[in-house]
Engineer: 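To start, I am sharing the structure in question, which I have written as structure tokens.
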Protein chains: 2
Amino acid sequence: MSRKDDILDAAERIVATEGLDALAMRRLADEVGVKAPSLYKHVRGKDEVIAALQERALRDFTAALASAPPGVRSLGAAYRSWALAHPAAYAVVTRVPLQRDLLTPGVEEAAAAPVLAVVGGHQERARALWAIAHGLVDLELADRFPKDADLDATWEVAVSAFGGVET
Amino acid sequence: MSRKDDILDAAERIVATEGLDALAMRRLADEVGVKAPSLYKHVRGKDEVIAALQERALRDFTAALASAPPGVRSLGAAYRSWALAHPAAYAVVTRVPLQRDLLTPGVEEAAAAPVLAVVGGHQERARALWAIAHGLVDLELADRFPKDADLDATWEVAVSAFGGVET
DNA sequence: ACCTGAACACCGTTCAAGT
DNA sequence: ACCTGAACACCGTTCAAGT
């Protein structure tokens with residue numbers, strides 16, 4: 001079991017430092033100190049490696065959101081700062097199809113819980129809030145805003161629209 | 001010049017019907033009826049092919065947004081329906097780094113213009129509106145919402161938050 | 001001017017063979 | 001039980017050679 005953990009740790013390291021595109025089975029094997037075919041004794045394939053990274057990232061992200069102070073504004077701030085601090089992990093969770101059959105049931109819902117809670121359980125508002133946080137972060141990480149854009153101000157406008165004024 | 005257009009048309013066809021991942025230079029050469037190395041006489045490389053698709057998609061998307069009836073609600077509807085009708089093109093523009101050095105200057109700004117106009121030229125509101133439209137579409141295309149989610153209602157809530165009530 | 005086969009340095013994955 | 005070299009079917013790209 002420890003060998004599998006070594007592999008996943010190495011994969012996480014590669015993705016964090018060199019990006020998702022750098023994650024190749026041969027490169028991963030090098031990092032572990034073994035030849036590529038050996039990986040397949042511990043892991044079903046690249047899919048399982050990525051699914052494991054998705055699960056780890058999702059749990060970490062959820063914890064960050066759950067420990068944010070109450071209020072739409074600080075939840076938004078927690079969302080953004082986690083994503084900017086872990087851009088590769090955010091991409092793993094968000095730009096790769098979620099492998100739901102390989103995830104522990106409930107992790108996805110757990111991530112949504114803090115968002116749902118902050119809008120008082122209102123589904124549509126929760127989804128809209130989630131979408132704007134994701135949209136802002138995704139566009140920022142994709143370098144879609146002008147480099148002189150005042151994104152703090154944009155977040156302020158966005159969050160205010162969702163009832164962040166009073167918080 | 002016509003051979004280059006053949007190549008780009010073929011690339012557009014492959015991406016539209018089989019998705020971005022199916023776009024390989026050998027596969028593209030097959031579609032054109034030539035061997036892969038020949039492509040490089042007409043095109044600098046895969047990057048140029050993708051940049052050309054980005055430009056085409058961006059122009060088409062811009063035209064769709066520009067011809068939407070006035071108002072935040074219908075602009076949102078135009079955004080969503082174009083993206084859902086052309087998911088691969090939306091991905092090309094949104095999930096691949098924009099190759100700005102290979103794009104005609106101004107196409108990116110042109111796409112933003114209708115959004116900026118609908119919020120009366122207010123930069124922060126325009127960016128926030130853009131983010132929520134992109135966030136909703138990206139999450140929907142990535143299959144992130146439950147399949148029974150009422151996304152029309154979610155869009156309504158989102159658009160209302162940005163002053164779509166009166167329109 | 002355009003096209004080709006062969007090649008290079010890569011992918012993910014399988015499998016027979018070794019310990 | 002774990003690891004390996006060789007192989008398969010792929011990538012993007014280059015280049016000498018042909019017409």
Side-chain angles (χ1 to χ4, degrees), chain A residues 1-57 88 91-93 95-103, chain B residues 1-57 88 91-93 95-103:
Chain A
M1 280 304 150
S2 146
R3 204 49 188 253
K4 184 169 178 175
D5 290 343
D6 287 349
I7 292 170
L8 299 180
D9 289 348
E12 208 170 17
R13 216 155 48 227
I14 291 170
V15 169
T17 58
E18 300 166 50
L20 184 52
D21 290 346
L23 184 63
M25 293 304 269
R26 285 173 172 87
R27 168 84 182 74
L28 178 55
D30 277 355
E31 188 82 8
V32 175
V34 90
K35 300 298 172 185
S38 303
L39 296 176
Y40 293 80
K41 291 292 164 183
H42 304 97
V43 132
R44 178 213 291 200
K46 193 178 180 180
D47 278 1
E48 189 186 336
V49 174
I50 287 176
L53 297 190
Q54 287 181 323
E55 172 133 4
R56 288 179 176 207
V92 165
V93 160
R95 296 182 88 92
V96 178
L98 263 194
Q99 316 218 246
R100 295 196 170 91
D101 48 329
L102 300 181
L103 292 182
Chain B
M1 280 306 148
S2 146
R3 204 52 191 253
K4 183 169 178 175
D5 290 342
D6 288 349
I7 293 170
L8 299 181
D9 289 347
E12 207 169 18
R13 218 155 46 229
I14 292 170
V15 169
T17 59
E18 301 167 51
L20 183 52
D21 291 346
L23 183 63
M25 294 303 271
R26 285 174 172 89
R27 169 85 181 74
L28 178 54
D30 277 355
E31 189 81 8
V32 175
V34 89
K35 300 298 172 185
S38 304
L39 298 176
Y40 293 81
K41 290 293 165 184
H42 304 97
V43 130
R44 180 213 289 201
K46 194 178 179 181
D47 277 1
E48 189 186 336
V49 174
I50 288 176
L53 298 189
Q54 287 181 323
E55 173 134 3
R56 288 178 177 208
V92 164
V93 161
R95 295 183 89 92
V96 178
L98 263 194
Q99 317 217 245
R100 295 197 171 89
D101 49 329
L102 300 182
L103 292 181

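Convention: sequence-line order gives letters A, B, ...; per-chain numbering from 1. Reckoned from all heavy atoms, side chains included, excluding hydrogens, waters and symmetry mates.
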Engineer: With a non-hydrogen cut-off below 4.0 angstrom, is L28(B) in contact with a base, only sugar-phosphate, or nothing?
Structural biologist: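 Counting heavy atoms under 4.0 Å across all strands, no contact is made by L28(B).
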Engineer: Please say whether more than 12 non-hydrogen atoms of neighbouring residues, nucleotides or ligands are located less than 6.0 Å from CZ in R100(B).
Structural biologist: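 Enclosed.
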Engineer: Identify the two heavy atoms, one from R56(B) and one from L8(B), that lie closest to each other, and give their separation to 0.1 Å.
Structural biologist: NH2-CB, 3.4 Å
Engineer: Between dG12(C), dT4(D), dG12(D), which nucleotide gets closest to the side-chain atoms of K46(B)?
Structural biologist: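 Closest nucleotide among those given: dG12(D).
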Engineer: What does K41(A) touch in the nucleic acid at a heavy-atom separation under 4.0 angstrom: a base, only the sugar-phosphate, or nothing?
Structural biologist: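 If one applies the 4.0 Å heavy-atom cut-off, K41(A) turns out to touch a base.
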Engineer: What is the distance, rounded to the nearest whole Å, between atom CG of D30(B) and atom C1' of dC10(D)?
Structural biologist: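 Taking atom C1' of dC10(D) as the reference, CG of D30(B) is at 13 Å.
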Engineer: Whole Å only: how far is the CE atom of M25(A) from the P atom of dC11(C)?
Structural biologist: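 Atom-to-atom, M25(A) to dC11(C), this comes out as 12 Å.
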Engineer: Rounded to whole angstrom units, what separation is found between the CG atom of L20(B) and the P atom of dC11(D)?
Structural biologist: 14 Å
Engineer: Is it true that a side-chain atom of T17(A) and a backbone atom of R13(A) form a donor plus acceptor pair closer than 3.5 Å?
Structural biologist: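 Checking the backbone N and O of R13(A) against the side chain of T17(A), a donor-acceptor pair under 3.5 Å is found.
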Engineer: Is there a donor-acceptor pair closer than 3.5 Å between any side-chain N or O of Q54(B) and the backbone N or O of P97(B)?
Structural biologist: yes
Engineer: Considering every strand shown, what is the Watson-Crick or G-U wobble mate of dT4(D) when both distances are under 3.5 Å?
Structural biologist: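 Answer to the pairing question: dA16(C), which forms a Watson-Crick or G-U pair with dT4(D).
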Engineer: With both distances kept under 3.5 Å, what pairs with dC10(C), Watson-Crick or G-U wobble?
Structural biologist: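 Paired with dC10(C), as far as the under-3.5 Å criterion goes, is no nucleotide at all.
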Engineer: Verify the neighbour count for atom CG of D21(A): are there more than 12 heavy atoms of other residues, nucleotides or ligands below 6.0 Å?
Structural biologist: no
Engineer: Give a yes/no answer on whether the side chain of S38(A) brings an N or O atom under 4.0 Å of OP1 or OP2 in dT4(D).
Structural biologist: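 Answer yes for this pair, as a side-chain N or O of S38(A) is under 4.0 Å from OP1 or OP2.
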Engineer: Please state the P separation for the pair dT13(C) and dA1(D) - nearest whole angstrom.
Structural biologist: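 Comparing P positions in dT13(C) and dA1(D) gives a spacing of 23 Å.
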Engineer: Answer with base, sugar-phosphate or nothing: what part of the nucleic acid does L39(A) contact at a heavy-atom distance below 4.0 Å?
Structural biologist: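 No contact.
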Engineer: To the nearest Å, how far apart are R27(B) CZ and dC11(D) C1'?
Structural biologist: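 In whole Å, dC11(D) C1' and R27(B) CZ are 15 Å from each other.
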Engineer: Given that H42(B) and R26(B) both sit by DNA chain C, which one's nearest nucleotide is further toward the 5' end?
Structural biologist: H42(B)
Engineer: Taking CD1 from I7(B) and P from dG12(D), how many angstroms apart are they, rounded to a whole number?
Structural biologist: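 Nearest whole value for this atom pair: 14 Å.
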Engineer: Round to the nearest Å and state the distance from K35(A) atom NZ to dG18(C) atom P.
Structural biologist: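 Rounded to the whole Å, the gap is 19 Å.
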Engineer: Atom CG of D21(B) and atom P of dG12(C): how far apart are they, to the nearest Å?
Structural biologist: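 D21(B) atom CG is separated from dG12(C) atom P by 14 Å.
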Engineer: Round to a whole Å and report the spacing from OH of Y40(A) to P of dG12(C).
Structural biologist: 6 Å
Engineer: For the side chain of R3(A), counting heavy atoms from C-beta on, which of dC11(C), dT4(C), dC3(D) is nearest?
Structural biologist: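 That would be dC3(D).
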